[in-house]
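Down below is the structure, laid out as C-alpha cells.
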Amino acid sequence: MSATSTAPQPAPQPAPQPAPGQEPQQAAQPAGPAVAGARARLVAGIRRGLAGTPGTMRLLLLLAATVSVVFGIAAAQGFAEASGALDRADANTAQLVRLQAIQNNLVRADADATNAFLVGGLEPAAQRQDYQNSVNEASRLIADAARSQPADNAALAALNAEVLEYSGLVEQARTNNRQGLPVGAQYLRDASSGLRANALPLLVNLVKANEDRVTLEFDGIDRGYVWLSVAGLLALVVIGFTLFWLARSTHRYVNVPLAVGGIAILIATFGGATALANAGSKVDDIRHRPYEATLALAQARIAAFDAKSNESLTLISRGSGAAFEKAWKAASDRVNERLATAGDLYGDADALAAQWGGYTTIHRSIRQADDTGKWEDAVGQAIGTTDNTSNTSNTSNKAFGAFDRSSAQLLSTTVEQTRSQLSDAGGPLPFARWLMLAAGLLAAVCAWLGVSQRLEEYR
C-alpha cells in the first residue's frame, strides 16, 4: 500500500492587533428596523396632524403665535434702537462740548500769554495764573476725552504732544522776556503759530467727527420706526388672515381671543409709533435750538479768544503785524456770524453781540493809536487794568472780560438744556420697550387659545 503525500499547510497567522492607544474598529451597522419604524411613524403622525381642516388650524395656530412673538421682540428692539441712539447722542454731545472746551482753553491760554508778554518783565500774576489754569484744564480734558471716546485716542495723543510743545515754547518766551531779550518775541510767535498750524486743526477734525456722530444718532431714532412698522404689519396680516379663514371655515364670525390678540398688536403698533414720533419731535426741537445754539456759542468764544490773541501779536510785532491784524478781522467776523446764529436760536445771545461790539470799538482805538506811532498808548489800552491804567473802563481786557463771562454763562446754560432735554426725550422709551414685548406675548397666548378652541370642536 502506497503512502499518500500531502502539501504542507501554512502556519496560522495571528489576527492584526490595533496600535497602542487605538480602539478596534467596529463594522458599520445598518439602521435597525426599530429606528426605521420610529421614523416612519413620526412622519405619518405629522402628516395626519396636518391633514384636513384641523391640520390647517394647527398650522395657522403656529404661524399666528410665532409672528406675535416676533412682533414683540422686533418692536422691543425698535425701542431699544431709539433709546440707544438718544443715549449715544447724549454721550457724543458731551464729547463734542469737551473738545470745544479744549479748543477754548488753548486759545484762551494763548490770549493770556500774548497779552501778558506786552507788559514786559514780570507779567501780571492773575493773568499768569489764568494761563496756567487754561493749559492745565486743556490737558485734563484731553485725558477725559480719550477715556470717553476711544475712537479719538490717536488724534488726542497727537494733540497732547502739541500742547506740551506749545507750553514749552511759551516758557522760553517768558524767560527771555523777563530778561529783556528780543528773542522772546520770536519764541512766542513760534508757539502761537504752531498752536494754530498743528494743535487747532486736530481739534477742528475731532469736533467735526463728533458733530457727525451726534447727527447720525439724532437720525437713528428713525430705525425704531422700521422695526416697529414692519413687525406690526406682518403680525396684523397673519392674524387678520387667520380670523378670516376661521370665520369662513367654522361659520363663526368672531374668534374673541384671537381678535383680542390682534387688537393688542394694533394698539401697540400705533401707540408705539406715536411714542417714537413724540420722541422724534423732541429731538428735532433739541437739534434746532439748544444744540445748535451750543455749537454757535462755543465757536463764537473760540473765535473771540483767537481775535484777542492776534490783537496782542499785532502789537508785539511793532509795525510788522499786518498778517495778525488780518487774522483778527477774520476771527471777529466769525464771532459776529456765530453770535447772529445763536441769537436767532436763543434770544439771550443777542446781548453778547453788543458786548462784542464794545470790545471791537476799543480794538479800533488801539489800532488807530498804533498806526499813528503811539505804540505805548496802544499797549496801555490793550493791557490796561486797575493797576496800570487810570481809565479802566476803556481797556481791551476789561471789555473782553465782560464778553468772556457772559458768553461762558450762556454756553453753560445751553449745554445743560441740551443734555437735560435729550434725557427727557428718551425717558419713556425703555419702559415702552417692555410694553411692546408684553403685547407680543399676549397676542401669542390669545392666538393659541383662540385657535385651540376651534380645534377642540373636531375631537
Side-chain angles (χ1 to χ4, degrees), residues 74-101 148-149 151 206-233 267-302 337-350 352-353 407 409-436:
Q77 177 61 26
F79 274 85
E81 287 278 349
S83 179
L86 289 179
D87 289 342
R88 290 188 296 273
D90 181 47
N92 287 322
T93 298
Q95 179 75 345
L96 178 59
V97 170
R98 199 176 288 116
L99 291 169
Q100 289 175 325
S148 301
Q149 178 55 270
L206 284 169
V207 167
K208 179 64 170 61
N210 281 274
E211 284 181 359
D212 291 343
R213 290 182 191 129
V214 173
T215 300
L216 179 65
E217 299 304 342
F218 278 158
D219 295 335
I221 196 169
D222 293 336
R223 293 192 291 269
Y225 285 111
V226 176
W227 285 91
L228 178 65
S229 59
V230 171
L233 180 61
I267 292 174
T269 300
F270 281 96
T274 301
L276 287 174
N278 184 52
S281 177
K282 289 181 178 179
V283 167
D284 285 340
D285 290 342
I286 295 167
R287 180 190 297 192
H288 296 118
R289 194 166 184 264
Y291 173 72
E292 289 291 342
T294 295
L295 295 184
L297 287 170
Q299 292 160 359
R301 280 176 55 79
I302 291 166
E337 186 266 326
R338 291 283 78 197
L339 288 180
T341 299
D344 292 339
L345 299 168
Y346 211 84
D348 294 345
D350 291 336
L352 295 177
S407 60
Q409 183 176 2
L410 186 56
L411 177 61
S412 176
T413 299
T414 60
V415 169
E416 289 177 3
Q417 287 187 350
T418 299
R419 301 196 64 187
S420 174
Q421 290 179 23
L422 278 174
S423 179
D424 291 342
L429 298 184
F431 177 69
R433 174 187 180 185
W434 294 110
L435 286 180
M436 295 297 108

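This one's a predicted model, so the numbers in the text were calculated from it and none came from an experiment.
Taking 4.5 Å as the limit, some side-chain heavy atom of D219 sits within range of a side-chain heavy atom of R287. Between P290 and Q421 there is a side-chain heavy-atom pair separated by less than 4.5 Å. When side chains are defined from C-beta on, Q100 counts as touching L295, because their heavy atoms get closer than 4.5 Å.
With rounding to the nearest 0.5 angstrom, the CD atom of E211 is 10.0 Å from the OG1 atom of T93. The structure places CD of E81 at 10.0 Å from CZ of R433, a figure rounded to the nearest 0.5 Å. In this structure, R88 CZ and Q95 CD are separated by 15.5 Å, a value rounded to the nearest 0.5 Å. Distance check: S423 OG to D87 CG gives 8.5 Å after rounding to the nearest 0.5 Å. Of the inter-residue distances, the one linking T294 atom OG1 with R419 atom CZ reads 11.0 Å to the nearest 0.5 angstrom. To the nearest 0.5 Å, atoms CD (E337) and CD (Q299) are separated by 8.0 Å.
With hydrogens and angles disregarded, a donor-acceptor distance shorter than 3.5 Å links the side chain of T414 to the backbone of L411. Side chain of D90 to main chain of L86: no donor-acceptor pair is present (N/O by atom type, distance under 3.5 Å, no hydrogens or angles). Looking at Y291, its side chain never comes within 3.5 Å of a backbone N or O of V283 through a donor-acceptor pair.
Scanning both residues, L228 and G272, for their nearest heavy atoms gives CD2-C, 3.4 Å. Shown here for A432 and F79, the closest heavy-atom pair between the two residues is CB-CE2, 3.5 Å. Closest of all the heavy-atom pairs between L276 and A82 is CD2-CB, 3.7 Å. Between R301 and S407, the shortest heavy-atom contact is NH1-OG, 2.8 Å. Closest approach of A273 and Y225 over heavy atoms only: O-CE2, 3.7 Å. The nearest pair of heavy atoms linking F218 to A89 is CE2-CB, 3.9 Å.
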Inset, instruction - May I have the step-by-step check of side-chain contact (heavy atoms from CB on, under 4.5 Å) for R98 and S148, ending in yes or no? - result: CA-CA 10 Å; R98 199 176 288 116; S148 301; 3.4 Å; yes

Inset, instruction - Go through N92 and Q149 one step at a time and tell me if the side-chain contact (heavy atoms from CB on, under 4.5 Å) criterion holds. - result: CA-CA 8 Å; N92 287 322; Q149 178 55 270; 3.6 Å; yes

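No option in I302, T341, L410 other than L410 meets the side-chain contact (heavy atoms from CB on, under 4.5 Å) test with L297.
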